[in-house]
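Notes for the one structure printed next.
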Amino acid sequence: MIKIFLILQFSLPPLPVSEVVAKDVPNDAGGKIQIEWELSPDDSIIDFYTVFKQKKIEGQWSEPETLTVVRSGTNSLTDTDCKDGVEYRYFVRVSKGEEFSDSPFSNIAMSSAQWFHKKRASVLILLIIIVGLLLYFIQKTRKGEELFIRKIAGLDALDEAVGRSTELGRPLLFVLGLGTIADIPTIAGLSILKRVSKKSAEYETDLIVPCFDPVVFVAAQETVKEGYIEGGRPDLFKEGNVFFLSYDQFGYAAGVDGIMVREKPGAVFLQGYFYAESLILAETGNSIGAIQISGTTAVTQLPFFIAATDYTLIGEEMYAASAYLTKDALSLATIKGEDWVKILLIAVIILGIIFESIAFFTKIPWLHVLKNFFTVV
Amino acid sequence: MKKEVPLAITFISGFLLIVALFIPHEPFGSLQERFNDWYIIVSGFTLILGVDSLILYHWRKIKRKEKEAPYSIILISTFVIVLAWGIYSGVKYGNPFAPASSFLRYFYTYMFVPLQATMFSLLAFFIASAAYRAFRARGLNATLLLISAGIVMLGRVPKGEEAAPYFIGITLILLAIVSVLEGVSRVEVYEKIIFFGLAVVSIIAIFPAAWFLKFNLPRLADWVMNVPQLGAKRGLFIGIWLGAIAMAIRIILGIERTYLK
C-alpha cells in the first residue's frame with residue numbers, strides 16, 4: 001500500500017516484470033515464439049506493458065523493436081513474425097505515466113517447424129486401429145463372409161413412403177438441408193436421394209429437390225439423373241425439378257414451406273445437415289399430412305425431427321444408409337468395423353472412469369494416463 | 001477414365017488432408033487452408049449455375065402461365081432490382097453494404113432482416129405444436145420426457161423456482177383426482193387399491209415435493225442438463241463421428257461413389 005501510494009504521489013517507476021521466458025511454439029508450422037512473464041507486483045496500477053524484441057544478425061543483436069503493447073494483467077503473448085533458425089530475445093517494459101522500468105532479457109529462443117504434432121498421437125493411433133479394423137472386415141467380406149446389419153426402420157420405410165405418395169398421386173419432396181458438399185451428412189443424404197429417385201422412376205412419381213447450396217444442387221441433379229437411369233426411366237427425369245432455391249437460411253425454409261403447401265407432396269424426406277429451420281420444415285410437412293422421413297447428425301435438431309416426423313435416422317444411422325440400402329459387402333464391412341471400434345471405445349471409457357475415480361481418491365498421478373493421452377489440441 | 005480420374009483425385013486429396021492433420025511442417029501445415037480456398041473458388045463459380053437454375057425455374061413458370069406465375073414475376077424482378085441496386089451502390093460507395101449505401105439501408109434493413117425475423121419467429125409456434133405432440137404422456141418414455149422438460153423449463157425461467165411448488169401442487173392434486181375417478185370406475189379390488197393408493201401418495205407428496213423444488217429446482221435442472229442429457233449427447237457424438245470416419249474412409253477408398261456420375 002505504501003509503495004502504491006509512493007508511486008502515485010511521487011512518480012516512482014513501477015516494479016518491473018520478472019521471469020521473462022521465450023520458447024518455440026510446439027507442434028506448429030514454425031515462425032512463432034511464445035513469450036511468458038511474471039506480472040509486475042504493481043500490475044494493478046500500471047498503464048500497460050510493452051514487449052520489445054531483438055534478433056541476432058551476423059552475431060550482433062539488433063536494436064530493440066516494439067513487438068506489441070498489451071494491457072495490465074496480460075502475462076503472455078505469441079510473436080507470429082519470426083524467421084525459423086534466427087535467434088530472438090525479448091524484454092518487457094512496464095509503464096505508468098511517464099515512468100517505466102524494463103525487465104531483464106529473456107532467454108534466447110528460436111522458432112522451428114515440427115514434422116509431427118505430438119498432441120495428436122492418440123488420434124493417429126486410434127485412426128490406425130479404426131482403419132486396420134475396417135480393412136480387416138473388408139478383407140473378410142472379400143473372402144465371402146456374410147455380414148449382418150440390424151433393421152433400420154427409417155430406411156425400410158423409404159420404399160413405403162414412395163409407394164404411398166404414388167398411390168395418392170402426389171409428388172415426393174427431398175430436402176438436403178443447409179450442408180455443403182464438404183459435409184459428410186450431405187453426401188449421406190445424396191446416397192439416400194439416389195435410392196429415392198430410383199424408386200420414384202420405377203413408380204413414375206415426380207421428385208422435387210430444392211437445394212440450398214449451388215454445389216450440392218449440381219451434385220443432386222446428377223444423382224437424381226443417375227437414379228432415374230438406374231430405375232430404367234431416364235425419360236421421366238425432369239431437370240427443372242432439381243433446382244437451386246436460395247442461399248439464405250430462412251429464405252430457403254420459406255421457399256420449401258411454400259413448395260410443401262402448394263404441391264402437397266405425399267412424402268417428404270429431410271436428409272442432411274439442418275439448423276434452426278429443421279422444425280419449420282418438419283412441422284409444415286406434418287401439417288400437410290405427408291409421410292416424413294428425416295435424418296441428420298445435428299444433435300440439437302434431432303429432438304425436433306423425432307417429435308415432428310414419422311421416422312428419424314439418428315446420427316450414424318444416416319451414414320449407414322448407403323451400405324444398408326445397397327447391401328454392398330464392402331460398405332457393410334466398414335459398418336462392422338465401426339461397431340468394433342465402438343466396443344473398443346466403450347472399454348476405454350470404462351477403464352478411464354475407473355482410473356480417474358481411483359486417482360480422485362488416491363491422487364496417484366500416473367492414473368491420469370488415459371485422460372492425458374486422449375486430451376487433444 | 002470417367003470414374004478413375006475423380007476417384008484418384010478423391011483418394012489423393014483425402015489422404016493428403018489426413019497427413020496434414022499430423023504434420024504441421026510446410027507444405028502440409030497450410031494444406032487444409034489452401035484446399036478450403038480452392039473450394040470457395042469452385043463454389044463461387046457454381047453459384048452462377050445456381051442462379052441460372054433459379055431464374056430458369058421461375059422463367060418456365062411465367063412462360064407456362066402457371067398459377068404461381070405472379071410470384072415468379074416478383075422473384076425475377078426483385079432479383080434484377082437488387083442486383084442493379086447493389087452494383088450501383090458498389091460503384092458509388094465502393095461496397096454495396098457500406099453504411100452510407102441506400103441499398104443496405106432500405107432493402108437489407110427494412111425488407112431482408114424483417115423477413116428473416118418473421119420466418120425465425122414462426123419457430124416459436126412450431127415448437128409449441130411439436131412440444132404438445134412430444135409431451136403427451138402416452139407411455140413411459142413420453143412421461144419421462146414431459147417430467148424432465150418440465151423441470152428444465154421451470155428451472156431455467158426467471159421466478160421458476162417460486163412457481164414450481166404451485167405447479168407441482170396443482171399437478172399432484174389433478175393426479176389424485178384422476179386416480180380417485182379411475183379407482184371408482186374399476187371393478188377389481190386390487191385395481192381399486194392401486195388407484196386409491198396412488199391418490200393418497202399424491203396428496204401426501206404435495207408438501208415434500210413442493211418444498212424440495214422450491215430450494216433445489218435450478219440445481220435439479222442443471223443436473224438433468226449436465227448428466228443424463230450430456231451423457232446421451234456424447235454417446236450420440238461418438239456414434240456420429242465414428243460413422244463419419246467410416247464414411248470418409250469409404251469415400252477415400254472409392255467404396256462410396258454416390259457423388260460420382
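Quick caveat: nothing in here was measured; it's all calculated off a predicted structure. Below, chains carry the letters A, B, ... as their sequence lines are ordered, and counting in each starts from 1.
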Interface moiety of [X] toward chain B, non-hydrogen atoms closer than 4.5 Å:
X: A:Ile349; value: side chain
X: A:Leu126; value: neither
X: A:Leu281; value: neither
X: A:Leu127; value: side chain
X: A:Thr180; value: both
X: A:Ala188; value: both
X: A:Phe217; value: side chain

Exercise. Hey, are the side chains of A:Leu313 and A:Gln271 touching, using non-hydrogen atoms and a 4.5 Å cut-off?
Worked result: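 Counting from C-beta outward, A:Leu313 and A:Gln271 do come under 4.5 Å.
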Problem set entry | Pairwise side-chain contact, B:Leu122 with B:Phe120, heavy-atom cut-off 4.5 Å (strictly under) |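 Contact flag for B:Leu122/B:Phe120 side chains = no.
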Exercise. Highest number of heavy-atom pairs under 4.5 Å with chain B: which of A:Thr326, A:Ile280, A:Thr334?
Worked result: A:Ile280
Exercise. Looking at A:Asp28, A:Ile306, A:Ile335, which one has more heavy-atom pairs under 4.5 Å with chain B than the rest?
Worked result: A:Asp28
For this session: Report the C-alpha separation of A:Val215 and B:Tyr39 in whole Å, then their side-chain angles, then the decisive distance to 0.1 Å, and conclude whether the side chain to side chain contact (heavy atoms under 4.5 Å, CB included) test is met.
Result: CA-CA 10 Å; A:Val215 188; B:Tyr39 175 77; 4.3 Å; yes
Exercise. Is it true that the side chains of A:Ser278 and A:Gln301 contain a donor and an acceptor less than 3.5 Å apart?
Worked result: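 Side chains of A:Ser278 and A:Gln301: pair found under 3.5 Å.
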Exercise. Going by distance alone, is a donor N or O of one side chain under 3.5 Å from an acceptor N or O of the other, for B:Ser30 and B:Glu26?
Worked result: yes
For this session: Look at A:Lys225 together with A:Glu230 and state whether they make a salt bridge at an N to O cut-off of under 4.0 Å.
Result: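 Between A:Glu230 and A:Lys225 there is no salt bridge, as every charged N stays at least 4.0 Å from the carboxylate O atoms.
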Exercise. If you measure from the Lys or Arg side-chain nitrogens to the Asp or Glu carboxylate oxygens, is any gap between A:Lys342 and A:Asp339 under 4.0 Å?
Worked result: yes
